[in-house]
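Accompanying notes for the structure given below.
Throughout, residue positions are numbered sequentially from 1 according to the sequence presented. Both counts, for ligands and for their atoms, begin at 1 and track the order of listing. All heavy atoms count here, side chains included; hydrogens, waters and symmetry mates do not.
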Amino acid sequence: MREDVIVYQLFESESSTYTYIVADKDSKEAAIIDPVLETVDRDLKLIEELGLKLVYVLDTHIHADHITGAGEIRKRTKAQTCVSLEAAVNCVDIPLKDGQELRLGAKKITVIATPGHTNTCLTYAFEGMIFTGDALLIRGCGRTDFQQGSSEKLFDSVHEKLFKLPAETIVFPGHDYRGHTSSTIALEKRFNPRLGESKTKEDFKKIMAELKLANPKKIHEAVPANLACGKPKDSRSIQPQNVDGIPEVTCEDVLAHAHHIESKKIRLIDVRRLDEFDGEYGHIKGAELFTLGPDLTNLLANGNKSEEIVFVCRSGGRSGSATAESIKLGYKYTMNMAGGMIRWTELQQPVQNRK
Ligand SMILES: [Fe+2]
């Protein structure tokens, strides 16, 4: 591998997905390829540790087996998200087409359209390496039986485009299930049992037609989320602001979502003491009392980490601590109600059990 580039291969074990970080060593400009929502923290930490400037978030296709980290990374960095124009994703920053180039300092990533596994599949070429997503796997390839897949198109993509690249081109796949990490065009031409040079298009079509695979576990969740830049459907009813690392919402936000609190879509957890809950300021209808300390810690330890929770206290301090504690425990959609019951009362909103 060339000395003036940086390449990291990272693995997400639940979906056996490889995420790649590639960068130009001189300018430190970097791209991340196929990030997974669950491992965004790990990936961003590494980018920071390497002192890289993330410019692009690239998805090789609309994945069916995991939710992309693209939207989350864009929210937390200045990077632009990129996916195939064919995917018609409204929220994407740069819709890509065949032959397009993306600059990383003085170097470039070239987009090669490789449809077949899906109609949105792209391969990214960078400095003698190709990142093939599911078009070409090591001694294999992605399935072609859903998301406008076509074994005929995949055969052509691999033979007409990828196999025409220099023999020593390094192949980095989107997944591997057998522990391989990379291959080369020369090796895949010789040894790929589905797509290698010993196989005709008719052989390949027959192999793919006979696979009869079950649908990926996450397909119904992942595809709609990935068409929305990785925003899991209905993941959050309220969008909080990030205040010193703590997601925060206003009393007005909470009021606007009172129907979600009533229906328990959002849990409102009051972390004050019992004497306060039924004391000077009373409490909000639908609020549950779990006092900051053992009561709350116990609840959080055994709770559902994907639950949407708004924490409330007197003025927003203790509920801020509760939010921080929940995030530390892995909760994804918790937030602090700024200003607490003091602000709520100022807004002359109804309360219960006020003394
Ligand atoms: Fe895929």
Subject >> His117 atom (N/O/S) at minimal separation from the Fe ion (ligand 1) >> reply: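 Sorting the N, O and S atoms of His117 by distance to the Fe ion (ligand 1) puts NE2 first.
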Original post:
With a cut-off of 2.8 Å, does His63 place any N/O/S atom under that distance from the Fe ion (ligand 1)?
Top reply: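 For His63, the answer is no, given that no N, O or S atom comes within less than 2.8 Å of the Fe ion (ligand 1).
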Original post:
Any N/O/S of Asp134 under 2.8 Å from the Fe ion (ligand 1)?
Top reply: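 Coordinating: yes.
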Original post:
So His257 and His260, would you call those rings parallel, tilted or perpendicular, with 30° and 60° as cut-offs?
Top reply: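 Because their plane-to-plane angle is under 30°, the rings of His257 and His260 count as parallel.
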**OP:** Scan side-chain atoms only and decide if Thr68 and Asn226 contain a donor-acceptor pair under the 3.5 Å cut-off.
**Re:**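 There is no such pair (donor and acceptor under 3.5 Å, judged by atom type) between the side chains of Thr68 and Asn226.
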Subject >> Test of ring centre spacing under 6.0 Å for His175 and Tyr177 >> reply: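 Yes - the distance between ring centres of His175 and Tyr177 falls below the 6.0 Å cut-off.
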Subject >> Asp278 bridged to Arg354 by N-O distance under 4.0 Å >> reply: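 Looking at Arg354 together with Asp278, the answer is no, because their closest N to O distance does not fall below 4.0 Å.
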